[in-house]
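As a basis for the values below, the full set of heavy atoms in this structure was taken, side chains included, without hydrogen atoms, waters or symmetry mates.
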Amino acid sequence: MHRTRRPTRRPTSRRPRTASRPAAWAAALALLAACAACGDDGDGGSGSGPRAKGEDGRNGWHLTWSDEFKGARGTPPDPHKWVHDTGGEPQWGNEEWQYYTDRTANAALDGKGRLVLTARRDQLPGMADCRYGTCDITSGRLTTKGKFAQAYGKFEARIRVPEGKATLPAFWMMGDNDEEKSWPGNGEIDAMEVAGTEPGTVYGTVHGPGYADEGIGGSHELPEDARYSEDFHTYGVEWTKNRVTWTVDGTVYHRDLRARHDEKHPWVFDHPFYLLLNLAVGGVWTGSVTSSTPLPARMTVDWVRVYERS
């Protein structure tokens with residue numbers, strides 16, 4: 001989730017997103033169109049087409065970290081694995097409306113082996129002077145910063161995104177060196193973003209110096225009028241020293257190659273990254289919350305799993 005301006009505080013915040021995302025995507029896809037025909041580069045990354053059936057940790061992969069979200073209904077996320085990011089704008093960018101909290105009202109287990117991030121109408125102390133929106137929407141944002149980070153591997157999450165034009169759920173990663181190199185120098189890999197204004201499209205993107213706001217990435221559309229909010233889908237990236245490959249439900253839809261980067265658009269993906277899950281509301285990409293926006297809105301996560309090559 002990228003920013004329209006560079007953040008001035010909190011290295012863990014993500015950049016703002018520009019409102020002209022479709023145009024930026026068109027330019028990025030045109031620039032990287034040749035990648036679709038590229039073969040395996042010998043680094044162990046995936047080739048094009050569907051992933052081999054049954055590749056879940058037994059077929060060349062070793063599980064290094066996971067959360068299956070087992071626990072009683074209303075239990076907070078495992079504090080040994082997750083940290084809450086809290087607060088509102090301007091630290092997130094994107095002119096978002098939500099105020100992130102550490103309450104179970106916004107992030108909790110459902111008792112059925114799932115994590116639920118909930119955006120809801122609610123006003124807490126400190127929200128009255130919010131910079132954007134109606135100052136009465138809370139939500140959840142979790143990160144593994146300080147708990148877990150990994151360079152290279154397969155990163156996947158099975159998620160059902162919410163319905164609603166103003167919602168923006170995301171599963172993504174940030175470079176764990178953000179205390180030394182501020183964004184975008186630390187790098188960012190967005191494994192999944194589904195904007196409520198484009199309910200049948202998932203975006204996958206990388207961001208770095210020279211491609212901070214617009215990013216480099218691709219997208220995958222469901223057939224006809226299908227929406228990602230109608231069911232769970234598995235979103236993932238396979239990341240090696242020479243490429244990042246995006247998948248949805250086991251099918252590859254985009255790859256970014258190290259060889260395509262240059263001095264003005266350097267590859268900044270050779271160090272550990274930590275994970276993030278969040279449900280944003282409003283902002284420059286998804287637009288304003290209206291009376292028709294369904295709140296509460298829920299992003300339901302069945303599991304998150306990380307692998308490395310055996």
**OP:** Taking side-chain contact (heavy atoms from CB on, under 4.5 Å) as the test, write out the residues that go with V116, two or more places apart.
**Re:** D110, T118, R298, T300

**OP:** Go through the steps for T64 and Q150 under the test side chain to side chain donor-acceptor pair (under 3.5 Å), then give the verdict.
**Re:** CA-CA 9 Å; T64 56; Q150 179 174 307; 2.7 Å; yes

**OP:** Could you check R141, M192, M299 and say which one makes a side-chain contact (heavy atoms from CB on, under 4.5 Å) with L277?
**Re:** M299

Taking the ring centre of each residue, are [X] and [Y] less than 6.0 Å apart?
X	Y	value
W239	W267	no
W92	Y100	yes
H261	Y211	yes
W97	Y132	no

Original post:
Can you tell me how far CG of N186 sits from NE2 of H207, rounded to the nearest 0.5 angstrom?
Top reply: 11.5 Å

Original post:
Got a second to check how far D225's CG is from E230's CD, nearest 0.5 Å?
Top reply: 9.0 Å

Judged by atom type as modelled, is there a donor-acceptor pair below 3.5 Å linking the side chain of [X] to the main-chain atoms of [Y]?
X	Y	value
S139	L279	yes
T247	T251	no
E96	A280	no

Throw together a table of side-chain donor-acceptor distances under 3.5 angstrom for residues 120-128, partners on residues two or more places apart or in other chains.
unit_1, atom_1, unit_2, atom_2, d
R120, NE, A105, O, 3.0
R120, NH2, A105, O, 3.1
R121, NH1, T134, OG1, 3.2
R121, NH1, D136, OD1, 2.9
R121, NH1, D136, OD2, 3.3
D122, OD2, R103, NH1, 2.9
D122, OD2, R103, NH2, 2.7
Q123, NE2, C135, O, 3.0

Among the clusters formed by ILVMFWY side chains lying less than 4.5 Å apart, do [X] and [Y] turn up in the same one?
X	Y	result
F232	V194	no
W303	M173	no
V83	F155	no

Original post:
Could you go step by step and tell me if D85 and T143 meet the side chain to side chain donor-acceptor pair (under 3.5 Å) rule?
Top reply: CA-CA 7 Å; D85 277 342; T143 170; 5.2 Å; no

**OP:** Kindly indicate whether a cation-pi arrangement holds for R309 with W61, taking the cut-offs as under 6.0 Å to the six-membered ring centre and within 45° of the axis.
**Re:** yes

Quick test of your reading of the model: are [X] and [Y] salt-bridged, counting only N-O distances below 4.0 Å?
X	Y	answer
D270	K241	no
R305	E68	yes
R160	D302	no

**OP:** Could you tell me which non-hydrogen atom of Q91 sits nearest to which non-hydrogen atom of T86, and how far apart they are?
**Re:** NE2-O, 3.2 Å

**OP:** Test side chain to side chain donor-acceptor pair (under 3.5 Å) on Y152 and H271 and set out the steps.
**Re:** CA-CA 8 Å; Y152 313 133; H271 51 273; over 6 Å; no

Subject >> 4.5 Å side-chain heavy-atom contact, W285 and E198 >> reply: yes

**OP:** Compare all side-chain heavy atoms of V161 with those of Y235 and state whether any distance is below 4.5 angstrom.
**Re:** yes

Original post:
Going by atom types only, do S229 and E163 share a side-chain donor-acceptor pair under 3.5 Å?
Top reply: yes

**OP:** Kindly determine whether I189 and V244 satisfy side-chain contact (heavy atoms from CB on, under 4.5 Å), including the steps that lead there.
**Re:** CA-CA 9 Å; I189 301 173; V244 178; 4.2 Å; yes

Subject >> Evaluation steps, side-chain contact (heavy atoms from CB on, under 4.5 Å), between N278 and F171 >> reply: CA-CA 7 Å; N278 73 285; F171 166 48; over 6 Å; no

Subject >> Set of residues satisfying side-chain hydrogen bond (donor to acceptor under 3.5 Å, both in side chains) with respect to D102, sequence neighbours excluded >> reply: none

